[in-house]
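These notes are about the structure you will find just below.
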Protein chains: 2
Amino acid sequence: MSTAEATILLVDDHSVVREGYRSVLQKQPGLRVVAEAADGAEAYRLYKSETPDLVIMDLSMPGIGGIEAVRRIRQWDKAARILVFTMHENAGFAVQAIRAGARGYVTKTSPPETLVRAVKDVLAGKIAISPDIDHELALSRISGESSAADVLTPREFEVLRLLLAENTTEEIAETLHVSPKTVANLHSLIKDKLGVGSDIELVRLALRQGILTEVDLGEA
Amino acid sequence: MSTAEATILLVDDHSVVREGYRSVLQKQPGLRVVAEAADGAEAYRLYKSETPDLVIMDLSMPGIGGIEAVRRIRQWDKAARILVFTMHENAGFAVQAIRAGARGYVTKTSPPETLVRAVKDVLAGKIAISPDIDHELALSRISGESSAADVLTPREFEVLRLLLAENTTEEIAETLHVSPKTVANLHSLIKDKLGVGSDIELVRLALRQGILTEVDLGEA
DNA sequence: TGCAACGTCGTGAAATTTTCCCGGCGCTGC
DNA sequence: GCAGCGCCGGGAAAATTTCACGACGTTGCA
């Protein structure tokens, strides 16, 4: 931030979407996209080599997801500024992302101005949340319903996400670089915290809460 | 197609994503984006007023989805050329889209060149499918996902339904007047027959095949 | 008619997973 | 400093899943 231009790292697994970010951001003076990543691991690597002023990060990506990538980057650089930009209009995801260390959460349905506004806010040190998510959060606060995102720690939420994505315990263990035993323990703990007795109930609860969307069922 | 430039209608509910399409397509001579829509209904209206040479359409959108929009447009103009461009890397969606009248199906993970290639192919009258979906289709053709209703015996199917309804093994055993052991055996056999390794996969497969509908999720 | 194939039900035992309890580590807040 | 919590995993008991096997009735067909 000491230079005239703020450097930005884009993270999204859809190249045409990255093209969209680029196009919008390039119209803004003082912003420069210096790197792009297509998954969380690459994002982490590039962050370390480029140390950009800002990361714009999608959440649903192959391998380690966006939440985990946020966590890792923030672990490496506690001052990292990360703006999550995603299709999920779900308060739970927003809560998780912010808890993991993101400084902003904007949905892809937002107009370009909202993204630009959020980018500037985060660069200025503020926390940026798009209006629709603000509203979602307000609603969930009113209804007082405790969601998965509420009771689960970021790590637990990440494991839940991977479980729902049809990964085996071993695959998740490898993805997260922990022992399968830890994943099994977390799996059990998650079910306990959410008050479900079986994986079937777990999936249904996730569907109800929008953690797993039914259109997401494809990727086998 | 009689003019020098081919006119294009973009349909996607994420404005920044539309910006991405635009950016990629503008680099191609002979293509011109003449309109944008953010949902299926708007796409239908705009198609009728603009009658573009090509529609590039997302699938997951608010209101009437992409498939339905394809159907309506094709109903109004049987010669309409529609290229589906979506995040869903799922053979089922592709089949649905093509059956509805789309002339192409490209995933958003594809590089820009693939999109451009597909646009030109569809404009030239060909059917364009991105390689990853080709592969998915081939796989489903080779070791096609067994349809539950097909390979399961009536008893097995009944147990599956009860399992999906969040019953415990003991409850099902009592309902069916058999030993819990039998239910457990059937549960295992069902997973084996359907080729899934976990209950999570089982639920997802059931959702894909419509055995469990999400309206069923309401009860708490 | 006989008998092969299959669906249904169940047992027992092995293999695996789930669950619970434990300790250690590092960070945060008071 | 110390309590609390998130995170990581070992150990062992408990539960489940899976496999092998057999019994019984029905169906279909040669």
Side-chain angles (χ1 to χ4, degrees), chain A residues 44 64-65 67-80 92 95-102 146 148-164 166-203 205, chain B residues 146 148-164 166-203 205:
Chain A
Y44 181 51
I64 73 169
I67 302 271
E68 176 66 14
V70 169
R71 240 174 47 81
R72 292 199 191 172
I73 290 174
R74 289 274 301 189
Q75 198 167 337
W76 189 79
D77 175 5
K78 305 237 310 217
V95 170
Q96 283 302 318
I98 300 293
R99 285 209 189 132
S146 82
D150 263 358
V151 322
L152 298 185
T153 67
R155 194 57 155 177
E156 287 157 2
F157 196 79
E158 181 66 11
V159 169
L160 172 58
R161 215 184 53 79
L162 292 168
L163 282 168
L164 295 174
E166 285 187 7
N167 291 290
T168 66
T169 298
E170 285 73 21
E171 285 165 354
I172 296 173
E174 180 165 354
T175 301
L176 298 181
H177 304 298
V178 298
S179 102
K181 191 59 199 287
T182 296
V183 175
N185 280 338
L186 284 172
H187 185 170
S188 174
L189 183 61
I190 288 165
K191 288 201 286 183
D192 186 39
K193 277 194 174 183
L194 296 181
V196 301
S198 69
D199 282 344
I200 290 175
E201 287 180 74
L202 186 65
V203 177
L205 181 138
Chain B
S146 14
D150 216 42
V151 311
L152 298 185
T153 66
R155 195 58 155 178
E156 287 158 0
F157 197 77
E158 178 66 9
V159 169
L160 173 58
R161 274 197 36 250
L162 292 167
L163 283 168
L164 295 174
E166 284 187 7
N167 291 289
T168 66
T169 298
E170 285 73 21
E171 286 165 352
I172 296 174
E174 181 165 353
T175 301
L176 298 181
H177 306 296
V178 297
S179 103
K181 194 60 202 280
T182 295
V183 175
N185 280 338
L186 284 172
H187 186 170
S188 174
L189 183 59
I190 289 165
K191 288 201 284 183
D192 186 37
K193 277 194 175 184
L194 297 182
V196 301
S198 70
D199 283 344
I200 289 175
E201 287 179 74
L202 187 65
V203 177
L205 181 139

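Just so it is clear: chains get the letters A, B, ... in the order the sequence lines come, proteins before strands, and each one is counted from 1.
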Distance col, row A:Leu202:CG vs A:Leu194:CG, nearest 0.5 angstrom, shows 6.5 Å

What closest approach, in Å, do A:Pro154 and A:Arg71 show between heavy atoms, and which atom pair accounts for it? CB-CD, 4.2 Å

Going 5' to 3' along nucleotides 11-30 of chain C, which nucleotides have protein heavy atoms under 4.0 Å from the base (write B), which only from the sugar-phosphate (write S), and which from neither (write -)? BBB-----BB-------S--

Distance col, row A:Arg155:CZ vs A:Leu186:CG, nearest 0.5 angstrom, shows 8.0 Å

Nearest heavy-atom neighbours spanning A:Val70 and A:Ala97: CG1-O, 4.4 Å

Is it the case that the side chain of A:Arg99 and the backbone of A:Thr153 share a donor-acceptor pair, with hydrogens and angles ignored and the cut-off at 3.5 Å? no

Among residues at least two apart in sequence or on other chains, which ones pass side-chain contact (heavy atoms from CB on, under 4.5 Å) with A:Asp192? none

Between CG on residue B:Leu160 and NZ on residue B:Lys193, distance to nearest 0.5 Å: 11.5 Å

Pairs involving residues 174-187 of chain B, ordered by first then second residue, that meet side-chain hydrogen bond (donor to acceptor under 3.5 Å, both in side chains) (sequence neighbours left out): B:His187-B:Asp199

Between atom CG of B:Leu163 and atom CD1 of A:Ile200, what is the distance when rounded to the nearest 0.5 Å? 5.0 Å

Opening and closing nucleotides of DNA chain D in contact with chain B, under 4.0 Å to non-hydrogen atoms: D:dT18 to D:dC19

Students should find that the end-to-end axis angle of the helix from C:dT1-D:dA30 to C:dC30-D:dG1, with five pairs defining each axis and rounding to 10 degrees, is 30°

Salt bridge (charged side-chain N to carboxylate O under 4.0 Å, His left out) partners of A:Arg161, counting only residues at least two apart: A:Glu158

Rounded to whole Å, CD of B:Glu158 lies from C1' of C:dG7 at a distance of 15 Å

